[in-house]
Amino acid sequence: MNKKIIAFDADDTLWHNEPYFDEAQERFCALFQDLASSQEILGMILNHQVKNLPLYGFGIKAFTLSMIETALKLTQNNINGTGIEKIIAIGRDLLEKPVELLPNVEEVLQELHGKYKLVVATKGDLKDQHRKLHDSKLGPYFHHIEVLSDKTELDYTKMLARLECQPEDFVMIGNSLKSDVLPILNIGGTGIHIPYLTTWEYEKIDFEIEHEKFTALTDIKEVIALF
Ligand SMILES: [Mg+2]
């Protein structure tokens, strides 16, 4: 492929993320196991998250507020300060999780660095994503870091305008078909999917993608052979 910019998603593409959220949700479920099943509680958190997305956006702080709202609902507004404190602690712990790179990530970036403009395009909390990028020590490989409030076609179109890049010169690589691939294909770019071990419910899609500018890989190291 002859491209100008190669962009990478961050969470579950460059480093592990979703298992930390799974663990946080398990802790939350354990707090309220006398009131509802884990499955019910997880469904409630997800509902709150999706409902809150237009106002709160993505990331740990939004997730924490959605957990608190779920707890209020579960307890019929009878949760006390100590209970709220425990939920805030779950969120704070997430903000301090170590950044563990996925296998072969650094090797791929080393190979592409200098040949292409490399970009990180991620959503989530601005401060948390900058923290993770700093802790990952991957910063020097990237020409540009973009923390988006969402990954819609419009968000990507605006980002490409800022980068002065035409969609046909742009490749996005990520673990989410919904956020990293589909919107990019729809605006004329190239999308590469690398699945992660587990996918957040919200990011799942229930159809196959067939598109001339879509490539499905199984490991990030396969990216090297494409460029
Ligand atoms: Mg991701």
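Just follow the structure's listing: the first ligand is 1, and inside any ligand the first atom is 1.
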Quick one: which of R131, K132, K127 gives a side chain to side chain donor-acceptor pair (under 3.5 Å) with Q129?
-> K132

Classify the angle between the aromatic ring planes of F63 and F21 as parallel (below 30°), tilted (30 to 60°) or perpendicular (above 60°).
-> perpendicular

Does D11 put an N, O or S atom under 2.8 Å from the Mg ion (ligand 1)?
-> yes

Regarding Q33 and S38, is there a side-chain donor-to-acceptor distance under 3.5 Å anywhere?
-> no

By atom name, which N, O or S atom of D9 is the nearest to the Mg ion (ligand 1)?
-> OD2

Is the NZ or CZ atom of K3 both under 6.0 Å from the centre of the six-membered ring of F227 and within 45° of that ring's axis?
-> no

Could you tell me whether the Mg ion (ligand 1) has an N, O or S atom of N175 under 2.8 Å away?
-> yes

